Student: 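Mind looking over this structure? Questions follow.
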Number of protein chains: 2
Amino acid sequence: MLHLQHLEQLIAFADQGTLSKAAEVLLISQPSLTRNMQQLEEELGVVLFERSKNKLQLTETGEYTVGLARQLLADSDTFLERVHRFSLQATTLFAGISAPGVEWEIQNRLAEAESEQIIHFDLKEKERLVQGLLAEDYQFIVTDSPVQEPNILSSSYFREQLYLSVPESHPFASKESIQLADLASLTMLLRSDLGIWQDLIDSLTETKFIVQKDWEAFTELISASTLPSFSTNITQMISEGNGQRVDIPIDDPEATKTFYLSALEKNERIYKQMQSL
Amino acid sequence: MLHLQHLEQLIAFADQGTLSKAAEVLLISQPSLTRNMQQLEEELGVVLFERSKNKLQLTETGEYTVGLARQLLADSDTFLERVHRFSLQATTLFAGISAPGVEWEIQNRLAEAESEQIIHFDLKEKERLVQGLLAEDYQFIVTDSPVQEPNILSSSYFREQLYLSVPESHPFASKESIQLADLASLTMLLRSDLGIWQDLIDSLTETKFIVQKDWEAFTELISASTLPSFSTNITQMISEGNGQRVDIPIDDPEATKTFYLSALEKNERIYKQMQSL
DNA sequence: ATGCCTTACGTTATACGTAATTATT
DNA sequence: AATAATTACGTATAACGTAAGGCAT
């Protein structure tokens, strides 16, 4: 049966001109390539090469075959791509995340890519996310620090920065930026289930928080109230232009988190898929 | 790299429903097929099968992949076919034959198939034809008896029957058939280079022959002369409707020869190509 | 009990790389 | 000399079949 690998090697020879160079490009030995090309000829039952003692040249049939081979390999690639696309689309991905903003960010990217990909998100602490990744409960996880384990791919994904969101009438509205310390005197609206951001909130012992669990209700609450709340660069992307409020960046380094995407090496395809969104 | 063989096996599974049956059809063992399908899944990075303890079923992605695989294998087949066609057409075939009628017959068939195949014919005795075949001087030979040697394909190809060709005015013209013995008294026009037919001619010691070597001249001679000559079912196919002459079949068994097509097993492709003309 | 899939294991065959050979520039 | 293709040879990988196990009908 025809080996696509041999066609690839034939093409390499056509491109490089000699078996030696082709073998170098293909990272195999020349003798191996020689044999494979002999085998290909045998398999096709056709004379692809004109052999002088020291030179190997494509016959007319060889040239023609190279052209067809390129086409067939292209067909093979589209085959692979279609299978992958179908599989991804047919599969609900399971993602473990450490902050709600990650889900918003990803959904946002999916929408922009017009992807129909369905992803189920779980919000957990990092340790449990890594466990879930190893147990293959998740195809990928997004955490606020890299995952350094064997067989796990991990790289930085995106950054999220906290902003203070206040009505235009608020005394802070004109500030270029503020510090967390400035929030001490405030009473703020706050969602629950903030993942890694919770630590930061807990450190603000002087600030009063009115916590709303239901997220839709929270959104309504904000537009109806003049109380300050938090927003991030990601929430701004989503709910742009509800002009009533001003977003003021918070300077402190704790207010900016870098998120890292991680997946098992065996799920490299999904990893790259998420990266490229 | 993707193995087309695995795709073929996947399709066999889809067609047969179980690995066991598919393995039987494919003439491999079930465990081998199991592994290959696991390997295919690994290679594609996709879940093709839903595995119960005792049952293997295609997932939706699996079904989809089968469809694409059929297409890709079809592409692979057209690739092979095109390569073969091109190669055949680009190559001048060398044929060894034992009678001139063989060339006419084959050229006739090529013409009917609208083939551009170029074939060079050599007229020799059988022994030298077989030698030439083994030495690969010929891609195929056509002899009046089968070639029984290892690694040589050989089967009957077509039959050629001698006719006596006479003008309508000739006393024999009304006969349904005649015997070689009836030719004893005749003076006939004859070509040279008759291959295996020469023996039969030589046995007609009573008949006088006027031999013409140049074949075009011979054809002119015939239409200009009222002398009888030989024709065969094959020459009749070629020069039909020069209504001046009548062809009377010769009954004797020696007047009918069966020709056999032979080629090296490695040239099976050409062998079948010639057979299917 | 029979059919089916998977894993384990030993063997075989295939594929590869190194080294040697021959020829060309 | 240097480059290039092929052949020879030993090794390592991988593919296969047999055997065995587990599970369902």
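Every chain is numbered from 1, with letters handed out A, B, ... down the list of sequences. Keep in mind that what you see is a predicted model, and the values were worked out from it rather than measured.
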Student: In plain terms, say whether A:Asp15 and A:Arg70 are close enough for a salt bridge, that is, a side-chain N and a carboxylate O under 4.0 Å apart.
Tutor: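 Salt bridge: yes.
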Student: Would you say A:Glu8's side chain and A:Ala69's backbone share a donor-acceptor pair under 3.5 angstrom?
Tutor: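 Checked: no pair found.
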Student: Rounded to the Å, how far apart are B:Asn36 CG and C:dT7 C1'?
Tutor: 15 Å
Student: How close or far is atom P of C:dC5 from atom CE of B:Met37, stated in whole angstroms?
Tutor: 12 Å
Student: Please state whether the rings of A:Phe13 and A:Phe49 are parallel, tilted or perpendicular, taking 30° and 60° as the class boundaries.
Tutor: perpendicular
Student: Do B:Thr59 side-chain atoms and B:Leu48 backbone N/O form a donor-acceptor pair below 3.5 Å?
Tutor: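 The answer is yes, because a donor-acceptor pair under 3.5 Å joins these two groups.
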Student: Any sub-3.5 Å donor-acceptor pair from B:Thr61's side-chain atoms to A:Val83's backbone N or O?
Tutor: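 Flag not set: sc B:Thr61 to bb A:Val83 has no pair under 3.5 Å.
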Student: Tell me which residues in residues 3-14 of chain B lie within less than 4.0 Å of DNA chain C, going by non-hydrogen atoms.
Tutor: none
Student: Between B:Leu48 (CG) and C:dC5 (P), how many Å, whole number?
Tutor: 15 Å
Student: Please tell me whether B:Phe94 and B:Tyr138 form a close aromatic pair, meaning their ring centres lie under 6.0 Å apart.
Tutor: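 So the answer is no for these two rings.
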Student: How many angstroms lie between CD1 in A:Ile119 and CG in A:Leu93, if you round to the nearest 0.5 Å?
Tutor: 5.0 Å
Student: Quick one, which residues of residues 15-33 of chain B touch DNA chain D with a heavy atom under 4.0 Å?
Tutor: B:Ile28, B:Ser29, B:Pro31, B:Ser32
Student: Near DNA chain C, which residues from residues 50-57 of chain A have a heavy atom under 4.0 Å away?
Tutor: A:Lys53, A:Asn54
Student: Between B:Lys126 (side chain) and B:Pro146 (backbone), is there a donor-acceptor pair under 3.5 Å?
Tutor: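 Yes, because the side chain of B:Lys126 sits within donor-acceptor range (under 3.5 Å) of the backbone of B:Pro146.
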Student: Given A:Tyr271, which of A:Ser154, A:Ser155, A:Ser262 fulfils the side-chain hydrogen bond (donor to acceptor under 3.5 Å, both in side chains) condition?
Tutor: A:Ser155
Student: Does OP1 or OP2 of D:dA15 have a side-chain N or O of B:Gln39 closer than 4.0 Å?
Tutor: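 Answer yes for this pair, as a side-chain N or O of B:Gln39 is under 4.0 Å from OP1 or OP2.
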Student: Is it true that, when you exclude B:Glu60 itself, more than 12 heavy atoms of the residues, nucleotides or ligands shown sit nearer than 6.0 Å to its CD?
Tutor: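 No, not enclosed.
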